[in-house]
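Quick notes on the structure that follows.
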Amino acid sequence: QVQLVESGGGLVQAGGSLTLSCAVSGGTFTRYTMDWFRQAPGKEREFVARINQNSGNTYYSVSVKGRFTISRDNAKNTVYLQMNSLKPEDTAVYYCAAARVLTRYDSWGQGTQVTVSS
């Protein structure tokens, strides 16, 4: 069973940067489209970014487009989320997810906390 482990969260000042990592094991990494989601207290889980399995094409939510960059290193079986120009409203638990089909996710990570101070 494919497993995902997020890391890299922490406390950062508004306007600062942070890079999250998601290590993938137990599956063929190159076959997975990788997504990042986040959930803030009192809010619904929100899609953040996606990188496709073959083309490497990326997609971002409107709220983070231009500030966040998703990438993957196939040699390291790791997906990254580089977050720049962070805002207090970016504060949330960030989760990575892996999918091979459109209808379901194969696995979710346990999340990593990102806190942005004003």
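The chain is numbered in sequence order, starting from 1.
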> So, do Gln113 and Thr91 sit near enough that their side-chain heavy atoms are less than 4.5 Å apart?
Replying inline: yes

> Of the non-hydrogen atoms in Gln39 and Lys43, which two are nearest, and what is the gap between them?
Replying inline: NE2-O, 3.2 Å

>> Check for me, please, whether Val116 and Phe68 land in the same ILVMFWY cluster - side-chain distances under 4.5 Å, paths through other members count.
In response: yes

>> Quick check: do Trp36 and Cys22 have side-chain heavy atoms less than 4.5 Å from each other?
In response: yes

> Any side-chain heavy-atom pair from Glu89 and Ser63 closer than 4.5 angstrom?
Replying inline: no

> Distance from Glu44 atom CD to Glu46 atom CD, nearest 0.5 Å?
Replying inline: 11.0 Å

>> Quick check for you: to the nearest 0.5 Å, what is the distance between Gln82 atom CD and Ile70 atom CD1?
In response: 12.0 Å

>> Once side-chain hydrogen bond (donor to acceptor under 3.5 Å, both in side chains) is applied, what residue pairs with a partner in residues 68-77 remain, sequence neighbours excluded?
In response: Arg72-Asn74

>> Would you compute the distance between atom CZ of Arg45 and atom OH of Tyr95 and round it to the nearest 0.5 angstrom?
In response: 9.0 Å

>> Check for me, please, whether Val48 and Val12 land in the same ILVMFWY cluster - side-chain distances under 4.5 Å, paths through other members count.
In response: yes

> How many angstroms lie between CG in Asp35 and CG in Asn52, if you round to the nearest 0.5 Å?
Replying inline: 8.5 Å

> To the nearest 0.5 Å, how far apart are CG in Leu81 and CE in Met34?
Replying inline: 11.5 Å

> Can you list every side-chain hydrogen bond (donor to acceptor under 3.5 Å, both in side chains) pair that touches residues 9-33, not counting sequence neighbours?
Replying inline: Ser17-Asn84, Thr33-Gln53

> For Ser107 and Val2, which heavy atoms make the closest approach, and how far apart are they?
Replying inline: OG-O, 3.0 Å

> Looking at Ala14 and Pro88, what are the two nearest heavy atoms and their distance?
Replying inline: CB-CD, 4.1 Å

> Would a 4.5 Å heavy-atom cut-off, applied to side chains only, mark Arg38 and Val114 as touching?
Replying inline: no

>> With a 3.5 Å distance limit and no angle check, can you tell me whether Gln110 reaches the backbone of Val5 through a side-chain donor-acceptor pair?
In response: no

> With sequence neighbours excluded, what pairs up with Phe37 under the ring pair (Phe, Tyr, Trp, His ring centres under 6.0 Å) test?
Replying inline: Phe47, Tyr105, Trp108

>> Could you tell me if the side chain of Leu20 sits less than 4.5 Å from the side chain of Met83, heavy atoms only?
In response: yes

>> Rounded to the nearest 0.5 Å, what separates atom OG in Ser85 from atom CZ in Arg67?
In response: 7.0 Å

> In the single-linkage hydrophobic clustering (I, L, V, M, F, W, Y; side-chain heavy atoms under 4.5 Å), do Tyr60 and Tyr94 co-cluster?
Replying inline: yes

